[in-house]
> 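Shown below is the structure under consideration.
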Amino acid sequence: MSFSKFGCGDDMHEWIRHMHDMFDEMKRRSFVQFRDEDTWQPATDVYETDVAYCICVDLAGMNPEQVEVSCHDQHCVRIAGFRPNPRPAEIEGPLTLHIMEIDHGPFRREVTLPEPINVQSVEATYDKGYLWVMLPKITTP
Amino acid sequence: MGDAAEDHDALNRNDPPPGDKPPASVGSARGDDIRAMLPRELPILPVRNLVVFPGTVVPLSIGREKSRLLTDAVLAGDKLLALFTQRHEEVEDPGLDDLYRVGTAAQVLKVLKLPDGSNSLLVHGLVRVGIEELVATDPYWRAVVNPHIDQVTPSLELEALVHNARQIAREVIELSPNVPDEARLVLDNIDRPDALADFLAANLSLGVVQKQELLETFDVVDRLKKVTAILNNQVEVLRLSQKIQDDVRREIDKTQRDFYLHEQLKAIQKELGETDGTAGQIEEFRKRIEAAGMPEAVRQEAERELKRLERVPQASPESGVIRDYLTWLCELPWNKETPDNLDLDRAEAILNEDHFGLTNVKRRIIEYLAVRKLNPASKGPILCFVGPPGVGKTSLGLSIARALGRSFIRIALGGVRDEADIRGHRRTYIGAIPGRIVQEIRKAGTCNPVLMLDELDKLGADFRGDPAAALLEVLDPAQNHSFTDHYLSVPFDLSKVLFIGTANYIDPVAPALRDRMEIIDLPGYTLFEKFEIAKRYLVPRQLAENGLADRNVTFSDDAIRAIIERYTREAGVRNLERSIGTVCRGLAAKVARNKVADVAVDPEDLVEYLGPPRFERELALERGMPGVVTGLAYTPVGGEIIFVEATAMEGRGNFALTGQIGEVMRESGLAALSIIRSRARQWRLKLPDLGKTDIHIHVPAGGVPKDGPSAGVAMVCALASLFAGQIADPGVGMTGEITLRGQVLPIGGVKEKVLAAHRAGLKKVVLPARNEPDLQEVPKEVRDELIFAFSRTIEDVLTQVLPERKWPSAPNAGEIGSSSDRVSEPQEAAAGKPARKASAAKAAPQRATAQKADPKTGLSRDKRAKVRAGSVRRRTNTQAAARERGSGN
């Protein structure tokens, strides 16, 4: 039993939680991940100003042409594409892969924005491995 | 830079992204796409204790050499492999038969290095595959595989199954706090039935065999059904555990919370290395039990209780009960004794110091000490002091304790009606405590105190039990060595206790109880004794109490006597002391005000402090009158003389008896009248026509209730005096029980009555002959001043009271006055033989009265009658008696 909050009423909850844990321990429950698609999701930052949203996607090693940015309505933007396995350049012959952590293959990321954006004026730039997408908001006249 | 493409159409998953075509990527392509993407041959990775379902992302740890080689090759190539579960996990190098036939083709997403240096492959299951043909086993396995694509035929059943499964799965997720929230998201986002089934199957806590079965269930409906069934089970279990948890939560109240906190406290203390409160208590008790010196059986019981105390949680009320019990056990003086001071002289001195008189009691105590001196193992006697209030029964007990050097306990039993007062309540009752006996023994601190049971005659009994019966065990010397109090439930040895009971009257005490005790009478003090007590103890004490000790205040002897005689009427000395105290207080007031000293109190002064005299002693009549005689009565406050008055008047033959006379006395009155009537001729009494005469006997004082048979002779004498017209000698007091035969039976309270006679100024006392030995108890001074006459028959009495007449016991008999001389004859022999002679004696007087004057025959018969009448109780001395009588003629 833990003594983290000895003397407080939370003891009871802790104890109950412990009981829960014990029960679950008995059932040996752990969660198995499921992925219905083959795509991985790149890391994304979303910024907002008064007039626009700004999205930054961590997407190193891409050819800009391989990236697709699309909006299917005024609140949603989709970034998709395919990133090939990084391979050391100028090395031929057999390669042994010991550690493989970098995501590769098809990727897709969708971001939902609270305020409507002007789809026509969406711009995307690729710089130093970051994909920047500017999404101006619809200004109310 | 890529162009942002506007795409209003709904997302089509199968849109190939612009740019490079992905090499051999299965992606989310289904159906033929998969068949197209998957190579016919795949490296086979055996996995242990794990079944990988399509769609799941699972980490695999790579340990075996073959697996490592396989991994390297796979990573170098298209990152595709097939996973098959081993039937038995122990097999290091499985053959084809060691693997299940159905597995899962998967793609390697990541290769991670674990902290311990081993590799972990993150794989994404793609599709079910079956092994068609093994192609190679070295350096790793390769086989031809056959993918199985799930066929999904939409149907209502399938829809329902999906919906149902999802719902149950949601509940399972909700009931399992360990499952992360994304599970819910994933669950909600899967819409393909086969994927749903696989996701759920992967997350159920099942064994390998069951999971493999699910993997091999190609039919989606079937698969879903199976999964749902298992989910149902799980949800039931979860619901139940949830309910239990809720119940537990609800039932946790303060007590349990405290227990929980106590347990935590104990654990902390244990960690700190300190012994906690309970353990300390247990140790302490253990030490106390050792030190208490209990007998073996008791010690075992105590140990047993101690073990129970260890087991019982400290918060429960039972622990308190056990602790109280153990405390009691430890505090009883199992073997603590005070040594008896057996110095007999010292004991005697102390007893005399505290009390005056009471010689027989003091003698008994000294005897007890002497016996103990000679035989230390003797059992304590059980004494009972019986006497009126105020004679000093309780203070005598204190004195005895002091003389012996023992502790003194006093238990007042007056009004005690509940047996549990003696024996205690069983421990199972709330608030149970041991009985008074054990309680007081504990207070005394020794197992051989002097234990005084006050007011034994005032023990009650009701539905709660009979305390007198409870005392039987306590007071039985054969049983009290193992007195078992209900609370203690172990025996305690009371045999060393010196028990003293007190009572005002011995009759209300239960016979069984009476039987066990040695009754010692403390009958109350004589005037002389009271005087001595007052002079030696009471006056000095009261002077000191009232601050007059050094003021030279004295009481004259006459004053003391006056207080005793005129202001108190009691057997004891309480009122006496109180009266002396009143006088002292009055004196103190005077002294304090006037600063006067040197006061001597005389009888005349008493009026000032005590008011007019409250009691006048009945004194002997100066002059008698016919029909009045002086009787002697016994009261708890001492003896008293009473006057029996008889008078006759014209009437219709009524006979009245008044004076608040009790039933027995009333019967004596009737018997007296009958004797008079039956012997009138014998005595030559002239009776009036009783049919026209009313007779009234009255015994003043009318307000004082009287009872008892001992006024019988007085009533006869009163009537005789009345009808004979003779004045009874006012200086003669009489007492005795009368029978129709004319016998005088013995009475009680001889000493008190004689003392009363003496006090009243009588000269002669007529007693039943059989009471002669009781005269020993009368102080010599008193005995010497009185003349005693002993009577066997009523005629003897009459002769003493009305000496001017002759009272023949049979017609024509001569004087039988000699029977009034002192005759000392042994009682024992005679007492047993009255029966036969009695009948003869009964017959004799009748015959005697029937015959008138017939000297010859009468004499001889008279002689016989005389002999018989006189010797009704003394067969052995018939001849001596006859001789004596003969000499008197």
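So you know, we letter chains A, B, ... as the sequences are listed, proteins then strands, and number each from 1.
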> In terms of heavy-atom proximity below 4.5 Å to chain A, should B/Val108 be classed as side chain, backbone, both, or neither?
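Contact with chain A is through both the backbone and side chain of B/Val108.
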
> What residue in B/Asp72, B/Ile190, B/Leu109, B/Leu112 has the most heavy-atom pairs under 4.5 Å with chain A?
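Ranked by heavy-atom pairs under 4.5 Å with chain A, first place is B/Leu109.
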
> By a 4.5 Å heavy-atom criterion (distance strictly below it), what part of A/Asn63 contacts chain B: side chain, backbone, both, or neither?
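The answer is neither part of A/Asn63.
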
> Has B/Leu240 got more than 12 heavy atoms of other residues, nucleotides or ligands less than 6.0 Å from its CG?
yes

> Identify the heavy atoms of A/Thr39 and A/Arg108 that sit nearest to each other, and give their distance.
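Where A/Thr39 meets A/Arg108 most closely, the heavy atoms are CB-N, 4.0 Å.
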
> How close do B/Lys79 and A/Asn85 get, heavy atom to heavy atom, and via which atoms?
NZ-ND2, 2.5 Å

> Roughly how far apart are A/Leu135 CG and A/Asn118 CG, rounded to 0.5 Å?
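If we round to the nearest 0.5 Å, A/Leu135:CG and A/Asn118:CG are 10.0 Å apart.
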
> Please flag which part of B/Pro54 lies under 4.5 Å from any non-hydrogen atom of chain A: side chain, backbone, both or neither.
backbone

> At a heavy-atom separation under 4.5 Å, does B/Val186 approach chain A through its side chain, its backbone, both, or neither?
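Side chain only.
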
> Tell me every residue that passes side-chain contact (heavy atoms from CB on, under 4.5 Å) with B/Leu114, counting only those two or more places apart in sequence or in another chain.
B/Asp116, B/Ser118, B/Ser120

